Amino acid sequence: MESNVINKLRSNKNAEINKDFIGEKVVICGWVQKRRDHGSLIFIDIRDRSGIVQVVFDQSISEEAFEIADRLRSEYVVKIEGKVRARPNDNINPEMATGEIELEGYDIEVLAESETPPFLIEDNADVGEDLRLEYRYLDLRRPEMRDALKTKHLVMQKTRQFLTKRDYWEVETPILTRSTPEGARDYLVPSRVNKGKFYALPQSPQLFKQLLMSSGVEKYFQIARCFRDEDLRANRQPEFTQIDIEISFFEQDKFMLEMEEMIKDIFAIGDIEVDLNFDRITYKEAMDNYGSDSPDTRFGMKIKDLSEIFTESKFNVFRNIVNNDGTVRGLKVSGGADFSRGQIDKLEDVVKTYGAKGLAWFAFTDEGVKSPIAKFLSEEEISKLKEKLEVENNDLALLVAADYKTSVTSLGHLRLHLGEKLNLISEDRFDFLWVVDFPLFHYNDEEDRLESEHHPFTAPKVEDIDLLDDDPLNVRAAAYDMVLNGEEIGGGSKRIHRRSLQEKVFRLLKISKAEADEKFGFLLKALDYGTPPHGGVAFGLDRIVMILTGKDSIRDVIAFPKNQKAGSLLTKAPGEVSKSQLDELNLKLDI
RNA sequence: GGGGACGUAGCGAAGUGGUUUAACGCGUCGGCCUGUCACGCCGAAGAUCGCGGGUUCAAAUCCCGUCGUCCUCGCCA
């Protein structure tokens, strides 16, 4: 170690200091984590980004430093010079990374004082989230939050490294762009120069990345901020970050494998091993078996179709539903026969949330079947039910009769609820899979028109193109979602690169020629000038980091997130603006 | 737009089928302490119980309204 440390603000990070430094002088800087005053001996824990080191101030070493140490309080920022020494044998702290050594502090300078913080700066701080968000800069000092920031940084770096090595270019696209129909509600920005006109913030760089393919970029990526003005959830923020990727001369299988390789690299950051060649299941299989297009396959309890049992049933409710395009589906809870009536009522509340009218149940016990509706069913129906669900003694069968979507999605949520409640999900498993063959469209009854399942630029599967005219709802998309533990972490597709097909899809979506020309004319035109076949994907960066860090809330992996009302408790955004600002924009409020 | 939970010192919380001096822990402040690391010991301060209204002899507690935070349905191509 060189000797002239005196003039340096800092010679070492806390975490670097270890037994090899014993006898050396160091200068550290950091925050006062904790002060333990023993009268004529004061221990101070100094925290920096790397970790914590204990400094001892002893009157007999420096009276002056000791007096300053006596006045230190939590979160003061200090510079300390000291000599590294081994701790006495019986005072080694094995809980602490630097627990074998300590600094003998002989000089100290207070770089900044601090008010007493409104909550303790430590992990597991039991504090309301609103207070954490108001004092986010203090919250981020907690090791847990610091580590989340670091993990996100590493994920971004790994992504850039991987894609750069694979010949992708990182290209920026506009934040001020134009509003387009379809999709989420836009965030709008008024234009001062163009009276009465508005920019929209991008919901994703979708159109631009396609234009970059037309531009000959061939392989593009961007760590892109996206904006959607919809209601918030634990895993949804109005602005979030996508790893956005697009390539020309797209070959779906090859591309999907490359993305698996990238994900493998990224998850190595969390010491999570990822096996390539993810399972692929179709959208239909996912909905049939799990009632979700992003199934959690870490446990079984698959949903079964029981409709055919009840086509002739004396139980009117089931028979009528089955014979009117509805369905009866159910799942089995192993060992659930002893659920109390109250517990089952709670399960019924779960399915009711998702539109089911009720939850039928059958408990199979030593004394036979217990169920409020057993008396309406024949022995044959009950035995078929047992057979289909592979029921054994002490099992509980839960059934929902409704239209297909209500039935499977309500049971799908019930399945997740039970999986969590019964502890069927092992937290150390990482089940990656692709969901493929999404429908290209779904039907919106309210507006009486087709809507894109994914987005209007998604290509139909080649073999289904012929169905577009007569049976559009059965056209499958060349689209794929990557799912991890029941969470959609990415999704993409092959895109339409022929104008005629793109125009046809717009027509099917009831987007008029005039509107298509106005809103998407630039894309259509680009398709006229030699746009190569292309496709891509976008991953939810925040969700990936959320899983890597084991957080339950997306807010814990965003440095400065918004609260549920899309506001910042820190900056108080959104805020009011002055009359003159509004005037410049030719805006009048009407509230 | 709908459903639900919560709101009591700086922080976390007990008390809420009517009457208490409104617990307790952490933190803060003062004193003592040479081996602590959840330091210890002694002492102290700190709360008009989110806000407004109502019922009552009496309200943190019951009722109505309102504000805030979170979860959720719808919504999120």
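Residue numbers begin at 1 in each chain, while the letters A, B, ... track the order of the sequences. Quick caveat, the model's predicted, so the values are computed rather than measured.
Here CZ of A/Arg225 is found 10.5 Å from CZ of A/Phe240. Values are rounded to the nearest 0.5 Å.
Straight-line distance between the P atoms of B/G3 and B/U48: roughly 33 Å, to the nearest whole Å. Only the P atoms considered, B/A58 is 16 Å distant from B/G18, to the nearest whole Å. With both ends at atom P, the span from B/C6 to B/A14 equals 11 Å, rounded to whole Å. Straight-line distance between the C1' atoms of B/C41 and B/C33: roughly 8 Å, to the nearest whole Å. A distance of about 38 Å separates the C1' atoms of B/C73 and B/A9, rounded to the whole Å. B/C51 and B/G10 are spaced 13 Å apart, taking the P atom of each and rounding to whole Å. With C1' as the reference atom, B/G7 and B/G52 are 16 Å apart, rounded to whole Å. Distance check on atom P: B/G15 versus B/C24 gives 15 Å, rounded to whole Å.
In terms of heavy atoms, A/Glu16 sits closest to A/Phe21 at O-CE1, 3.3 Å. In terms of heavy-atom proximity, A/Ser114 sits nearest to A/Glu75 at CB-O, 3.3 Å.
Partners of A/Arg142 by salt bridge (charged side-chain N to carboxylate O under 4.0 Å, His left out), not counting sequence neighbours, listed by chain and number: A/Asp139, A/Glu144. For the side chain to side chain contact (heavy atoms under 4.5 Å, CB included) test, residues two or more places apart in sequence or in another chain that qualify with A/Lys284 are A/Thr282, A/Asp288. When the salt bridge (charged side-chain N to carboxylate O under 4.0 Å, His left out) test is applied to A/Arg341, the partners found at least two apart in sequence or on another chain are A/Asp345. Judged as a side chain to side chain donor-acceptor pair (under 3.5 Å), and not counting sequence neighbours, the contacts of A/Arg35 are A/Asp37, A/Asp70. Residues satisfying the side chain to side chain contact (heavy atoms under 4.5 Å, CB included) test with A/Ala559, not counting sequence neighbours, are A/Leu140, A/Leu149. Legend: residues meeting ring pair (Phe, Tyr, Trp, His ring centres under 6.0 Å) with A/Tyr76, ordered by chain and number and at least two apart, are absent.
The pairing partner recorded for B/G27 is none, the criterion being a Watson-Crick or G-U wobble arrangement whose two distances lie under 3.5 angstrom. Under the Watson-Crick and G-U wobble criteria, each requiring two contacts below 3.5 Å, nucleotide B/C75 is left unpaired. When Watson-Crick and G-U wobble pairs are counted only if both distances are under 3.5 Å, B/G68 pairs with B/C6. Taking a pair to require two hydrogen-bonding distances under 3.5 Å in either a Watson-Crick or a G-U wobble arrangement, B/G46 remains unpaired. For B/U21, there is no paired nucleotide, since no Watson-Crick or G-U wobble pair has both relevant distances below 3.5 Å. Here B/U61 sits opposite no nucleotide as a Watson-Crick or G-U wobble pair (both hydrogen-bonding atom distances under 3.5 Å). Partner assigned to B/U55 is none, using Watson-Crick or G-U wobble distances below 3.5 angstrom.
Side-chain nitrogen and oxygen atoms of A/Lys352 include none within less than 4.0 Å of the OP1 or OP2 phosphate oxygen of B/G3. For B/C70, neither phosphate oxygen OP1 nor OP2 lies less than 4.0 angstrom from any side-chain nitrogen or oxygen of A/Arg132.
Within a heavy-atom distance below 4.0 Å of RNA chain B, the residues of residues 227-237 of chain A found are A/Arg228, A/Glu230, A/Asp231, A/Arg233, A/Ala234, A/Arg236. Taking a 4.0 Å limit (strictly below) on heavy-atom distances, residues 558-571 of chain A reaches RNA chain B at A/Asn563, A/Gln564, A/Lys565, A/Leu569.
In this structure, the NE2 atom of A/His417 is 14 Å from the P atom of B/U72, given to the nearest Å. A/Glu447 places its CD atom 11 Å from the P atom of B/C75, with the value rounded to the nearest Å. Taking atom CD1 of A/Ile121 as the reference point, atom P of B/C26 lies 19 Å away to the nearest angstrom. Computed from coordinates, the A/Leu120 CG to B/G10 C1' distance equals 10 Å when rounded to whole Å. One interatomic measurement links the two molecules: NZ of A/Lys405 to P of B/C73, which rounds to 12 Å at whole-angstrom precision. When rounded to the nearest whole Å, the span between NE2 of A/His413 and C1' of B/G3 equals 15 Å. If you measure from atom CD of A/Glu115 to atom P of B/U28, you get 13 Å, rounded to the nearest angstrom. The interatomic distance linking A/Asp186 (CG) with B/C76 (C1') rounds to 12 Å, in whole Å.
Looking at heavy-atom distances under 4.0 Å, A/Leu131 makes contact with sugar-phosphate atoms alone, never a base. Within 4.0 Å (heavy atoms only), A/Arg555 reaches sugar-phosphate atoms of the nucleic acid but no base atom. Counting any heavy atom pair closer than 4.0 Å across all strands shown, A/Pro118 reaches sugar-phosphate atoms only and no base atom. Among the protein residues, A/Glu95 comes within range of no part of the nucleic acid, since none of its heavy atoms lies under 4.0 Å from any strand. Across all strands shown, A/Phe457 has no heavy atoms under 4.0 Å from either base or sugar-phosphate atoms. Residue A/Asn93 is classed as a base contact, given a heavy-atom separation below 4.0 Å to a base. Among the heavy atoms of the strands, none lies under 4.0 Å from A/Ser553.
Sorted by first and then second residue, the pairs that involve residues 500-512 of chain A and meet side-chain hydrogen bond (donor to acceptor under 3.5 Å, both in side chains), not counting sequence neighbours, are A/Asp469-A/Lys504, A/Arg499-A/Glu503. Sorted by first then second residue, the ring pair (Phe, Tyr, Trp, His ring centres under 6.0 Å) pairs that include residues 124-145 of chain A, not counting sequence neighbours, number zero.
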Residue pair A/Phe57, A/Phe43: steps toward the ring pair (Phe, Tyr, Trp, His ring centres under 6.0 Å) verdict: CA-CA 6 Å; A/Phe57 291 93; A/Phe43 298 94; 10.0 Å; no

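For the 3.5 Å distance criterion, the side chains of A/Gln203 and A/Asp186 qualify, holding a donor opposite an acceptor. In the model, A/Tyr220 has a side-chain atom that pairs as donor or acceptor with a side-chain atom of A/Gln222 under 3.5 Å.
In this structure, A/Leu133 and A/Val127 both approach RNA chain B, and ranking their closest nucleotides by distance from the 5' end singles out A/Val127.
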B/S/- contact track for nucleotides 29-35 of chain B, protein heavy atom under 4.0 Å: SS--BBB

Which donor-acceptor pairs under 3.5 Å do side chains of residues 483-492 of chain A form with protein atoms, sequence neighbours excluded?
unit_1, atom_1, unit_2, atom_2, d
A/Asn485, OD1, A/Asp431, N, 2.8
A/Asn485, ND2, A/Arg429, O, 3.1
A/Glu487, OE2, A/Asn235, ND2, 3.0

